[in-house]
Amino acid sequence: MRRVHPPSPQDTTIAEAYAAPLGTRLDRPWVGLSMATSLDGSTVVDGQSGGLGNANDAAVFRQLRSLADVIIVGSGTARAEEYGPPSKPGQRVGVVTASGRLDLTSELFTSGSGFVITTERTTLNGNDGIDVLRAGVDVVDLRTALGRLDQIHDGVSTVQAEGGSTLNGALLESDLIDEINVTTAPLVIAGQGPRLAAGADIRLRFDLAQLAIDEDGYVFGRWVRRDRT
């Protein structure tokens, strides 16, 4: 992988390029978004994200996951991508749902890794022994939920959001995304695939922190939310 911003005279490794989150926060956990997109903006191939990536993208995803204390993901993405227990010991996966339509018998939940982020009114069936974080009455209040993650996992400083587009849009609409890590695949998918974010009318500025390219033409960008102070 060759880093072109900031420029480097020699190749870099994924571990070096993604050694740490781009920042920290005192008021809530630092939230990073990790996604892959095609040149025309699609985030899925045949309903899944795996068809967009290559070996380096998979390694970037694993490295970013290793930095996170908690992963949050929408229920549709968790279902489509068949989420299971994470490989990092002690890491938790919060599945966001307002409907409560979850398979709580899946290995993600029976392993003790998964927990549910939902509303005060949502009914969950068969959730005995599964941690549930409730925030918001009819719609999940993501800001409140992030502030309460310590109820689920001690010392949460870094959270990775992994989609789908509706959850990404809701996080961005609440201005809760601090960094965006995007792999751009040299592919055009066309069709009606989802974009990185949907369901929000927003205009937020991010600054380029790092840009790298590999021998297959994949582009790896790291973007940080512009200082709002």
Side-chain angles (χ1 to χ4, degrees), residues 28-38 40-53 57 61 64-65 68 70-84 86 92-104 106 108-109 114-124 127 132-149 152 159-185 189-206 223 225:
R28 59 167 174 79
W30 181 269
V31 181
L33 173 61
S34 175
M35 297 289 288
T37 75
S38 65
D40 56 327
S42 178
T43 58
V44 299
V45 177
D46 297 328
Q48 293 188 319
S49 61
L52 285 170
D57 172 60
F61 183 75
L64 286 169
R65 269 198 161 202
V70 169
I71 293 162
I72 58 172
V73 62
S75 57
T77 297
R79 183 167 49 250
E81 303 284 349
E82 299 180 346
Y83 268 53
R92 303 296 302 274
V93 179
V95 181
V96 181
T97 178
S99 69
R101 292 192 293 271
L102 297 171
D103 179 9
L104 298 178
S106 69
L108 173 63
F109 292 107
F115 67 97
V116 181
I117 301 175
T118 192
T119 73
E120 298 289 349
R121 292 182 176 175
T122 300
T123 299
L124 297 170
N127 63 308
V132 180
L133 179 58
R134 296 184 182 272
V137 179
D138 297 305
V139 177
V140 178
D141 183 335
L142 292 167
R143 185 175 294 278
T144 297
L146 287 171
R148 293 178 179 172
L149 284 177
I152 302 295
V159 171
Q160 171 149 296
E162 297 182 355
S165 60
T166 301
L167 175 60
N168 296 345
L171 287 165
L172 287 162
E173 188 170 43
S174 296
D175 204 1
L176 294 172
I177 298 292
D178 300 299
E179 73 175 82
I180 299 178
N181 297 287
V182 179
T183 297
T184 304
I189 305 301
Q192 301 299 316
R195 297 171 55 184
L196 185 144
D201 185 11
I202 51 176
R203 186 184 181 94
L204 303 177
R205 177 62 188 266
F206 286 76
W223 305 79
R225 181 74 168 96

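When reading the values below, keep in mind they use all heavy atoms of this one structure, side chains included, and skip hydrogens, waters and symmetry mates. The first residue of the sequence shown is numbered 1, and numbering continues consecutively from there.
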If the condition is side chain to side chain donor-acceptor pair (under 3.5 Å), which residues does Arg65 pass it with, not counting sequence neighbours?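 Only Glu162 meet the side chain to side chain donor-acceptor pair (under 3.5 Å) criterion with Arg65.
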How many angstroms lie between atom [atom1] of [X] and atom [atom2] of [Y], to the nearest 0.5 angstrom?
X      : Y      : atom1 : atom2 : answer
Ile180 : Leu172 : CD1   : CG    : 5.5 Å
Ser106 : Glu82  : OG    : CD    : 10.5 Å
Ser34  : Asn181 : OG    : CG    : 6.0 Å
Leu33  : Ile177 : CG    : CD1   : 5.0 Å

Looking only at heavy atoms, what is the nearest atom pair of [X] and [Y], with distance?
X      : Y      : answer
Ala170 : Leu142 : CB-CD1, 3.6 Å
Thr122 : Ala98  : OG1-O, 2.8 Å
Gly164 : Thr77  : N-OG1, 2.8 Å
Gly84  : Leu108 : O-CD1, 3.4 Å
Leu102 : Ser75  : CD2-CB, 3.5 Å

Main chain of [Y], side chain of [X]: is a donor-acceptor contact present, judged purely on distance under 3.5 Å?
X      : Y      : answer
Asp141 : Ala135 : no
Thr183 : Ala36  : no
Thr119 : Val140 : no

One pair to check against side-chain hydrogen bond (donor to acceptor under 3.5 Å, both in side chains): Ser38 and Ser42. What are the steps and the verdict? CA-CA 5 Å; Ser38 65; Ser42 178; 4.7 Å; no
Side chains of residues 190-204: which donor-acceptor pairs under 3.5 Å do they make with residues two or more places apart or in other chains?
none

Please walk me through it: do Val116 and Leu124 pass side-chain contact (heavy atoms from CB on, under 4.5 Å)? CA-CA 9 Å; Val116 181; Leu124 297 170; 4.0 Å; yes
Result for salt bridge (charged side-chain N to carboxylate O under 4.0 Å, His left out) between Asp175 and one of Arg225, Arg205, Arg28, Arg143 points to Arg225
Is any side-chain heavy atom of Val159 closer than 4.5 Å to one of Leu149? yes
Mind checking whether Val96 and Thr118 have side chains closer than 4.5 Å, heavy atoms only? no
Please determine whether side-chain contact (heavy atoms from CB on, under 4.5 Å) holds for the pair Ile72 and Leu171, giving the CA-CA distance in whole Å, both sets of side-chain angles, and the decisive distance to 0.1 Å. CA-CA 11 Å; Ile72 58 172; Leu171 287 165; 4.0 Å; yes
Which pairs with one or both residues in residues 92-104 pass side-chain hydrogen bond (donor to acceptor under 3.5 Å, both in side chains), sequence neighbours excluded?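 Listed once each, the pairs are Arg92-Asp131, Thr97-Ser99, Asp103-Thr105.
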Report the C-alpha distance between Val70 and Ile152 in whole Å, list the side-chain angles of each, state the deciding distance to 0.1 Å, and finish with yes or no for side-chain contact (heavy atoms from CB on, under 4.5 Å). CA-CA 10 Å; Val70 169; Ile152 302 295; over 6 Å; no
With side-chain contact (heavy atoms from CB on, under 4.5 Å) as the criterion, how do Tyr83 and Val73 come out once you've worked through the C-alpha distance, each side chain's angles and the decisive distance to 0.1 Å? CA-CA 9 Å; Tyr83 268 53; Val73 62; 3.8 Å; yes
Tell me whether the count of non-hydrogen atoms from other residues, nucleotides or ligands lying under 6.0 Å of CH2 in Trp30 goes above 12.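 Yes, the 6.0 Å shell around CH2 holds more than 12 heavy atoms from other groups.
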